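As structure tokens, the structure follows; a few thoughts come after it.
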Amino acid sequence: MARFEHTVTVAALDRHWFEEAAGAVVDLFEGSREQGGAILLPDGRPIHGLRLLKGRHLQPGAQYGDAPEENGKPGAPGAPVVQEATVLREWRPSRTVEVESLMAEESLSVRVGVRLREPRTPRALEVSLDGHNPKGGSLYRFSGRARADLHAWWAALDRPSSAPPAARAPVVGRAVHRLAKARLTVTPRPADDGSWQVSVVLSVRGRWLLRPVAALALVFVRKPVERGFREGVDSAAEEWAEMLAELPSLHGEALRAQIADELTAP
């Protein structure tokens, strides 16, 4: 088994702002309605690029997609990935919201499931992924599962900066392929200046008879793999900083209005 670890320091996200923003998004969708396929916010403005394709709005089984003029044509030169449908599996804003998307192109089909627990004050986020090449065999299949326990995340950051890291990582992801499997954990801790120190650990091992082969291969590729892993974590930290810089420092009705503007903007 190979194990890679890297820690980065990132700016903190305010928990109260995050939960207020999440609640505002849920409330906007809860108050939305469908008209001629368009999804209208409570103020009557349509959500840009989102249409109801089948079923009843905000009911299990409802299918959503891009506006027709925004979809690429399958098989056209340079066409983007075709998102055939996003299906609403569950809509209970006080308990669970779950959606499932199927994205397909000629050489790749990917099904992604997302479940958010207690959406108005998010408790946990669960993501599943299954992909395959329609023209390939088992070597072209892969799957992954990830769970972010958001209550455990905030609890880990409420600990004193001098305390050891949380015993259990709040974020855990697993990926499986016929040749190997991987496990990724993300654990935060508070820094003295109010920022977050986030440790990311990746473990990879070969499967079945390929374990010795994978171990031998890592002797030759460990350094470039480790370098790529560190660069990936650093890049994610930079993207996090850019995202925080773009978030509005608003609250209440002003925040709700800003979110509505973002949902309806072209």
Side-chain angles (χ1 to χ4, degrees), residues 1-8 13 18 22 26 60-61 63-64 81 83-93 95-105 107-119 121-134 136-157 165-188 198-208 210-211 214 218 225-226 228-230 232-233 235-237 239-240 243:
M1 181 180 73
R3 185 177 186 274
F4 308 96
E5 182 174 359
H6 188 42
T7 299
V8 292
L13 171 65
F18 169 72
V26 172
Q63 294 185 12
Y64 299 86
V81 172
Q83 181 169 320
E84 295 186 351
T86 296
V87 181
L88 182 66
R89 296 301 183 191
E90 188 172 2
W91 178 263
R92 292 189 293 172
R95 298 185 62 181
T96 306
V97 171
E98 182 178 358
V99 297
E100 183 180 85
S101 295
L102 175 64
M103 294 168 285
E105 59 181 4
S107 60
L108 182 64
S109 177
V110 178
R111 187 181 299 274
V112 180
V114 178
R115 177 183 296 166
L116 185 61
R117 306 280 189 181
E118 299 182 20
T121 53
R123 181 181 182 86
L125 176 66
E126 301 168 5
V127 179
S128 63
L129 180 150
D130 294 280
H132 71 283
N133 183 336
S138 61
L139 288 178
Y140 295 89
R141 294 182 179 274
F142 57 91
S143 64
R145 302 289 183 273
R147 188 177 194 275
D149 185 333
L150 298 178
H151 278 204
W153 180 275
W154 299 119
L157 292 165
R168 297 181 61 183
V171 179
V172 179
R174 294 180 174 83
V176 178
H177 183 267
R178 183 180 177 184
L179 303 181
K181 58 183 180 180
R183 183 175 186 268
L184 181 77
T185 64
V186 183
T187 306
V198 181
S199 295
V200 184
V201 178
L202 173 66
S203 302
V204 183
R205 70 165 71 222
R207 300 186 69 195
W208 302 316
L210 292 173
R211 287 185 181 180
L218 279 170
V225 170
E226 185 171 13
F229 168 71
R230 288 176 174 270
V233 175
S235 176
E239 292 178 4
W240 173 265
M243 181 196 71

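By convention here, the first residue in the shown sequence is residue 1. Computed from a predicted model, the values in this text were never measured in an experiment.
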Open item on the list: Once rounded to the nearest 0.5 Å, what's the spacing between atom CH2 of W153 and atom CZ of F18?
Closed with: 11.0 Å
- [ ] Among V87, V99, L88, find the one that has a side chain to side chain contact (heavy atoms under 4.5 Å, CB included) with Y64.
- [x] L88
Task: Side chain proximity check, R147 to V172, heavy atoms < 4.5 angstrom - done: no
Task: Identified salt bridge (charged side-chain N to carboxylate O under 4.0 Å, His left out) partner of E98 from the options R115, R89, R92, R117 - done: R115
TODO: Please report the shortest heavy-atom distance between F229 and V200, naming the atom on each side.
DONE: CZ-O, 3.5 Å
TODO: Identify the two heavy atoms, one from P93 and one from P119, that lie closest to each other, and give their separation to 0.1 Å.
DONE: O-CD, 3.1 Å
TODO: Could I get the full list of side-chain hydrogen bond (donor to acceptor under 3.5 Å, both in side chains) partners for Q63, not counting sequence neighbours?
DONE: none
TODO: Measure the shortest side-chain to side-chain distance between E226 and R230 over non-hydrogen atoms and say whether it is less than 4.5 angstrom.
DONE: yes
TODO: For residues E100 and R111, determine if any side-chain heavy atom of one lies less than 4.5 Å from a side-chain heavy atom of the other.
DONE: yes
TODO: Answer whether the closest heavy-atom distance between the side chains of P170 and T187 falls below 4.5 Å.
DONE: yes
Open item on the list: On a heavy-atom basis, which atom in V186 and which in A169 lie closest, and how many Å separate them?
Closed with: O-CB, 3.9 Å
Open item on the list: Distance check, rounded to the nearest 0.5 Å: S203 atom OG versus K181 atom NZ?
Closed with: 11.0 Å
Open item on the list: How long is the straight-line distance from CG of L108 back to CG of N133, given to the nearest 0.5 Å?
Closed with: 7.0 Å
Open item on the list: Working to the nearest 0.5 angstrom, can you tell me the gap between L116 CG and L150 CG?
Closed with: 7.5 Å
Task: Exam field: side chain R145 to backbone L129, donor-acceptor pair closer than 3.5 Å - done: yes
Task: Over all atoms of both residues, closest heavy-atom pair of T121 and H151 - done: O-NE2, 4.3 Å
TODO: List for me each residue that meets ring-ring contact (aromatic ring centres under 6.0 Å, His included) alongside W91, sequence neighbours excluded, and say none if there are none.
DONE: none
Task: Separation between CD of E126 and CG of D149, rounded to the nearest 0.5 Å - done: 9.5 Å
